[in-house]
There are 2 protein chains.
Amino acid sequence: MSTRERLVESTRALLWERGYVGTSPKTIQQRAGAGQGSMYHHFTGKEDLAQAAIRRTADEMRAAVDAQLSGPGTAVERITAYLRRERDVLRGCPIGRLTQDPDVIAVPTLRAPVEETFSWLRERLAAVVREGLDRGELDAAVDPASTAAAIVAALQGGYVLARAAGTPDPFDQAVTGILALLGARTVH
Amino acid sequence: MSTRERLVESTRALLWERGYVGTSPKTIQQRAGAGQGSMYHHFTGKEDLAQAAIRRTADEMRAAVDAQLSGPGTAVERITAYLRRERDVLRGCPIGRLTQDPDVIAVPTLRAPVEETFSWLRERLAAVVREGLDRGELDAAVDPASTAAAIVAALQGGYVLARAAGTPDPFDQAVTGILALLGARTVH
DNA sequence: GTCTATATCAAGATAGAC
DNA sequence: GTCTATCTTGATATAGAC
């Protein structure tokens with residue numbers, strides 16, 4: 001892996017663990033095994049590097065989620081597979097956590113990928129709900145947009161509760177709860 | 001207000017805005033109109049001050065939520081009132097945001113109030129759901145614990161989505177979505 | 001209780017040699 | 001492309017006077 005690559009990967013890991021405010025250029029360099037000079041040769045500074053890291057994380061997440069939601073099965077089955085997939089819950093969501101970083105929210109180039117990711121995710125889930133409606137799997141009274149927002153929110157909030165508790169249990173409970181509510185809207 | 005009080009209030013505001021890692025003693029002092037000496041006279045350091053600030057915020061939130069959920073009305077009506085109450089959505093949740101702060105999670109004295117707040121909140125909401133079941137307002141198949149977790153998670157995740165979007169809209173959608181799912185479990 | 005002075009180390013970046 | 005030296009500012013605290 002090139003030095004440039006190692007810098008991006010190192011930044012991705014640190015942004016996930018400590019956020020933007022909590023991550024220093026020095027730490028990034030040490031983790032990447034690169035010197036000051038290398039970092040400032042490949043990137044104009046911390047912000048530039050963070051932007052590359054966030055974009056990559058966003059792209060990866062999007063691809064992974066899309067693959068999972070595009071699989072076979074009913075709408076509820078695919079949503080269930082997505083919510084219940086293997087996760088390192090206590091690490092939280094690498095994109096969602098950036099939302100609490102005042103400097104990420106304040107800088108448009110850093111916030112843009114975060115904004116795009118979640119707006120895409122809500123729309124993607126809404127599309128799955130719509131498919132369920134079209135196929136007659138779900139009660140016609142279910143609203144795609146707000147239901148999709150509730151599902152994504154339950155997931156993101158699940159991470160918050162799990163980190164507060166120090167255990168993944170509340171995450172699993174939240175997922176179970178939202179899926180039970182959704183399952184009750186299934187047409188048998 | 002005493003200098004000590006001003007220091008605590010200043011810290012509360014900054015923890016909400018910038019988190020623990022992003023808040024410096026100097027900023028706290030300036031905002032409180034207090035000097036270095038005052039701060040280190042009343043508190044042993046940043047951590048000690050943060051602990052006092054977090055505890056107070058947690059206590060206030062708990063009291064406010066309890067008052068709202070103890071009011072009149074059916075279970076679903078009270079949950080609706082709680083979720084739809086006036087909020088400055090884009091500022092996020094002052095307790096939930098601490099969950100993304102690695103140093104808060106790592107220090108037991110700082111994490112404890114956060115942990116207690118959410119475990120209390122989930123239990124409090126579960127109790128409201130149980131009341132709804134006892135009174136025959138809700139379908140007997142509704143599980144109190146997981147439903148409560150889903151509701152709190154939808155709320156916390158709603159903040160995440162709103163901050164990512166830069167508008168309160170996704171928060172409102174998530175709330176609408178979860179309430180619609182819950183409302184469908186009402187016994188008529 | 002509050003103030004100023006001082007200390008140490010890290011953050012974030014620039015300069016210029018190799 | 002990478003390295004070391006240097007710079008400025010801020011973070012976090014201690015010391016001791018008033």
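Reminder, nothing fancy here: chain letters follow the sequence lines and each chain counts from 1. Just so it is clear, the values below take in all heavy atoms, side chains as well, and ignore hydrogens, waters and symmetry mates. Since the model is a prediction, treat every value here as computed from it, not as a measurement.
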Exercise for the section: Starting at atom CZ of B/Phe43, determine the distance to atom P of D/dA13, rounded to an integer number of angstrom. Expected result: 13 Å

Problem - Nearest to side-chain heavy atoms of B/Pro25, which nucleotide of D/dT2, D/dA11, C/dT2 - result: D/dA11

Practice task
Starting at atom CZ of A/Arg4, determine the distance to atom C1' of D/dT2, rounded to an integer number of angstrom.
Solution key: 16 Å

Practice task
Spell out, as yes or no, whether a donor-acceptor pair under 3.5 Å connects the side chain of A/Glu77 to the backbone of A/Thr74.
Solution key: yes

Problem - Gap between atoms CG and C1', on A/Leu7 and C/dG12 respectively (whole Å) - result: 15 Å

Problem - Interatomic distance, B/Met39 CE vs C/dC3 P [rounded to whole Å] - result: 14 Å

Exercise for the section: For the side chain of A/His41, starting at C-beta, report the closest nucleotide among D/dT2, C/dA13, D/dT12. Expected result: D/dT2

Problem - Phosphate-side-chain proximity, B/Ser38 and C/dC3, N/O vs OP1/OP2 below 4.0 Å - result: yes

Exercise for the section: Could you check how far CD of A/Gln29 sits from P of C/dA11, rounded to whole Å? Expected result: 10 Å

Handout entry: Sidechain N-carboxylate O distance under 4.0 Å for B/Glu131, B/Arg78
Key = yes

Handout entry: Salt bridge flag under 4.0 Å for residues A/Arg163 and B/Glu115
Key = no

Handout entry: Length of the CG-P vector between A/Leu49 and C/dA11, whole Å
Key = 15 Å

Exercise for the section: Determine the contact category for A/Thr23: base if any of its heavy atoms lies under 4.0 Å from a base atom, sugar-phosphate if only primed atoms, P, OP1 or OP2 are that close, otherwise nothing. Expected result: sugar-phosphate

Fill in the blank from the handout: Per atom distances to the A/Lys46 side chain, the nearest of D/dT2, C/dG12, C/dT2 is C/dG12

Completion exercise
In whole angstroms, the gap separating C1' of D/dA11 from CD of B/Gln30 amounts to 12 Å

Problem - Spacing of CG belonging to B/Leu125 relative to OH belonging to B/Tyr82, to within rounding of 0.5 Å - result: 6.0 Å

Completion exercise
Side-chain atoms of B/Tyr40 come closest, of D/dA13, D/dA11, D/dC3, to D/dA13

Exercise for the section: Could you tell me whether B/Arg31 and B/Glu9 make a salt bridge, using a distance below 4.0 angstrom between a side-chain N and a carboxylate O? Expected result: no

Completion exercise
The nucleotide from C/dA5, C/dT14, C/dT2 with an atom nearest the side chain of A/Gln36 is C/dT14

Practice task
Check every atom of D/dG1, C/dG1, D/dA11 against the side chain of A/His42 and return the nucleotide holding the closest atom.
Solution key: D/dG1

Practice task
Return the 5'-most residue of the pair B/Gly37, A/Thr27 with respect to DNA chain C, ranking by each residue's nearest nucleotide.
Solution key: B/Gly37

Completion exercise
Between NZ of B/Lys26 and C1' of C/dT6 the distance, given in whole Å, is 14 Å

